[in-house]
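Single-structure report; data block below.
Remember, it's a predicted structure, so these values are computed and weren't measured experimentally. All values below were derived from every heavy atom in this structure, side-chain atoms included, with hydrogens, water molecules and symmetry-related copies excluded.
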Amino acid sequence: MSRRASRIAAVEVLYGADVRGSETSTLIEEREDLDEYALHLVRQVRARMPQLDDLIASHSLGWTTERMSSVDRNVLRVGVLELLEQDVPRAAAIDEAVEIAKRFSGEEAGRFVNGVLAAVMSSVYGDGGGSSPNGSEGAGSAG
């Protein structure tokens, strides 16, 4: 399974848990296609959810995580986790999250995810000056 496929699978499990109001362990048991990286992402997002949600909320202008679509919220959680873990180049983590958001939630979501992750990256690492890898400033609307 590619890293992108692992990220997508992790977002699907996290989204499913949100929508069903169930634990991720139930959804993990139902899926046979999860590799170690997907499992790592799901487990770490669940373990660090308060920290991830605080970072997301503090960098998404006028949005709380509860108000975001479940897809966008979980794409952001995976993206912020990857930024914090530093196992993936920062620009790659953002680009992957943007592409997944666009695939499942549309162009507007891609721009929103890009802005939030760029703001988180700038805040955590002190680089980028608030600009995303694609040159947009800050976080827009989750549309």
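Remark: Asp18 engages Arg73, Arg77 in a salt bridge (Lys or Arg N to Asp or Glu O under 4.0 Å) (not counting sequence neighbours). Every residue two or more places apart in sequence or in another chain that forms a salt bridge (Lys or Arg N to Asp or Glu O under 4.0 Å) with Glu30 is listed here: Arg20. Remark: Arg31 engages Glu12, Asp33 in a side chain to side chain donor-acceptor pair (under 3.5 Å) (not counting sequence neighbours). By the side chain to side chain donor-acceptor pair (under 3.5 Å) test, Arg48 is found to be paired with Gln51, residues two or more places apart in sequence or in another chain being considered. Taking the side chain to side chain contact (heavy atoms under 4.5 Å, CB included) definition, one finds that Ala47 meets it with nothing, sequence neighbours left out.
Within the 4.5 Å cutoff, the side chain of Val98 has heavy atoms near those of the Lys102 side chain. Using a 4.5 Å heavy-atom threshold, the side chains of Phe104 and Ile8 count as touching. Side-chain contact check for Arg46 versus Arg43: every heavy-atom pair is 4.5 Å or farther apart. Using a 4.5 Å cut-off on side-chain heavy atoms (C-beta onward), Leu76 and Asp53 make no contact. At least one side-chain heavy atom of Met68 sits less than 4.5 Å from a side-chain heavy atom of Phe112.
Atom CZ of Arg90 and atom CG of Leu84 lie 10.5 Å apart (nearest 0.5 Å).
A donor-acceptor contact shorter than 3.5 Å links the side chain of Ser58 to the backbone of Asp54. Checking side-chain atoms of Tyr15 against main-chain N and O of Ala10 turns up no donor-acceptor pair under 3.5 Å. For His40 (side chain) and Glu36 (main-chain N/O), no donor-acceptor pair under 3.5 Å exists by modelled atom type. In this structure, Ser6 contributes its side chain and Ser2 its backbone to a donor-acceptor pair below 3.5 Å.
Closest approach of Ser70 to Asn74, counting heavy atoms only: O-ND2, 2.9 Å. Closest heavy-atom contact between Leu83 and Ala93: CD2-CB, 4.2 Å. Annotation for Ser105 and Asp72: closest pair OG-OD1, 3.0 Å, computed over non-hydrogen atoms. Shortest non-hydrogen contact noted between Gly79 and Leu117 is C-CD2, 3.9 Å. Contact detail for Ile100 and Arg4: the closest heavy-atom pair is CD1-O, 4.5 Å. Between Leu34 and Ala9 the shortest heavy-atom distance is CD2-CB, 3.5 Å.
Cluster annotation: Val80 and Tyr125 are assigned to the same hydrophobic cluster (Ile/Leu/Val/Met/Phe/Trp/Tyr, side-chain heavy-atom contacts under 4.5 Å, transitive). If you chain together hydrophobic residues whose side chains sit under 4.5 Å apart, Met49 and Trp63 fall into the same group.
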Practice prompt. Apply side-chain contact (heavy atoms from CB on, under 4.5 Å) to Ile56 and Val120, showing your working.
Written response: CA-CA 7 Å; Ile56 292 165; Val120 169; 5.6 Å; no

Discussion item. Does Arg7 form a salt bridge (Lys or Arg N to Asp or Glu O under 4.0 Å) with Glu82? I'd like the steps, not just the answer.
Written reply: CA-CA 10 Å; Arg7 289 180 187 100; Glu82 285 192 314; 2.8 Å; yes

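Comment: Arg3 does not engage Glu96 in a salt bridge, judged by the lack of any side-chain N to carboxylate O separation of less than 4.0 angstrom.
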Using distance only, find each side-chain donor-acceptor pair of residues 21-28 under 3.5 Å and give its atom names and separation, not counting sequence neighbours.
none

